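Only one structure is covered here, and it is reproduced in the block below.
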2 protein chains.
Amino acid sequence: MTTSGAGAESIDHARIAAALAVRGEPACRVRDVLDRVGDKWSVTLVHELGGGARRFSELRRGVPGISPRMLSATLRGLERDGFVLRTVHPTVPPQVEYALTPLGHTLLDTAWSLMNWALEHADDIDDARREYDAK
Amino acid sequence: MTTSGAGAESIDHARIAAALAVRGEPACRVRDVLDRVGDKWSVTLVHELGGGARRFSELRRGVPGISPRMLSATLRGLERDGFVLRTVHPTVPPQVEYALTPLGHTLLDTAWSLMNWALEHADDIDDARREYDAK
DNA sequence: CGGAATCCGGATAGATACTG
DNA sequence: CAGTATCTATCCGGATTCCG
């Protein structure tokens, strides 16, 4: 058993099991976080904002393929959960800045560890797929 | 130990950015992993298998709400990526066991750190939502 | 027991056009 | 510039039924 660095020291196994068992419960944000990590743009945007505050159109350029609709909707969700702070500067033309909150930065950290795991094991996954598909 | 889940020590920022930018690329399993973590049953099943090998109907009972269709499909996906080993015992009636591979265990470790983060910050998220919704 | 096949509804997300 | 509105395609996942 690899008792690796973070996450292994004090996992509340029972609470995680309970959190996974149900959706939409009050104290069970585990499912919400997994859903968010899995949605199409949230992690990408959080990652982008990890480099510093960005404006709407900067994000639009920095995240190729995202539509204004999804950019707006995803940012609103991130803002609602307290991961992103939205600041409107009352200028003409209007200027809106998005930045990670401290909470958003901790999310980015754990997302990084997940993505880093994915990079480290990408070859293993590819190998397994080739072997599986060979049959 | 090769990987510590903390994620702060040697993140390949550039490769992660590249991996997030595109979907379905050869070496970019980052997106695949995020999608898998976000899908409805994969993490739950991996978590369940973390407790030891299980048979199909054991999983069906152990994971309330899952349909045989999604159980089968999710297990096949996990098997294809090398996270789960499927063993058929040629008995009557047939008996099939699913177990985590070593790779699957490392996935479970990183998933744990993510879920643990979610548990730790569930209150923060709830607070942020209440504040946001108040407006 | 351990699935596969089929059908179907709701959510997710893309494209496009328009506005303060 | 920073979004919203609408319309639509797609896909995920649930229910049901059947098979080896």
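Every chain is numbered from 1, with letters handed out A, B, ... down the list of sequences. Keep in mind that what you see is a predicted model, and the values were worked out from it rather than measured.
Note: B:L107 CG to B:L100 CG = 8.5 Å, rounded to the nearest 0.5 Å. Atom OG1 of A:T101 sits about 7.5 Å away from atom CZ of A:F83, to the nearest 0.5 Å. For the atom pair B:E58 CD and B:E48 CD, the distance stands at 9.0 Å (nearest 0.5 Å). Distance CG/A:D109 to OG/B:S113: 10.5 Å, rounded to 0.5 Å.
A rotation axis mapping the C1' atoms of four pairs onto the next four is fitted at both ends of the helix from C:dC1-D:dG20 to C:dG20-D:dC1 over five pairs, and the angle between these axes is 50° to 10 degrees.
Whole-Å rounding puts the B:F56 CZ to D:dG20 C1' distance at 15 Å. Here C:dC1 presents its C1' atom at 10 Å from CZ of B:R60, a figure rounded to the nearest Å. Atom C1' of nucleotide D:dA2 and atom CG of A:L59 are separated by 12 Å, given to the nearest angstrom. If you measure from atom NE2 of B:H89 to atom P of C:dG3, you get 13 Å, rounded to the nearest angstrom. Residue A:E58 contributes atom CD, which lies 8 Å from atom P of D:dA2 at whole-angstrom precision. The distance between atom CD of A:E97 and atom C1' of D:dG3, rounded to the nearest whole Å, is 16 Å. Between B:R54 atom CZ and C:dG2 atom P there is a gap of 14 Å when expressed in whole angstrom units.
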With salt bridge (charged side-chain N to carboxylate O under 4.0 Å, His left out) as the test, would you mind laying out the steps for A:D126 and A:R130 before giving the verdict? CA-CA 6 Å; A:D126 280 336; A:R130 268 192 296 273; 5.3 Å; no

Indicate for each nucleotide in nucleotides 4-20 of chain C, in 5' to 3' sequence, whether protein heavy atoms under 4.0 Å reach the base (B), only the sugar-phosphate (S), or nothing (-). S-B------BBB----B

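Side-chain contact, A:D39 with A:S42: a donor N or O sits under 3.5 Å from an acceptor N or O.
In this structure a side-chain-to-backbone donor-acceptor pair under 3.5 Å is missing from B:R54 to B:G62.
Of the side-chain N and O atoms in A:Y98, none sit less than 4.0 angstrom from OP1 or OP2 of D:dC1. Of the side-chain N and O atoms in B:R86, one or more sit less than 4.0 angstrom from OP1 or OP2 of C:dG3.
Atom CZ of A:R80 sits in a crowded spot, with more than 12 heavy atoms from other residues, nucleotides or ligands closer than 6.0 Å.
Partners of A:R86 according to the side-chain hydrogen bond (donor to acceptor under 3.5 Å, both in side chains) rule, which considers only residues two or more places apart in sequence or in another chain, are A:Y98.
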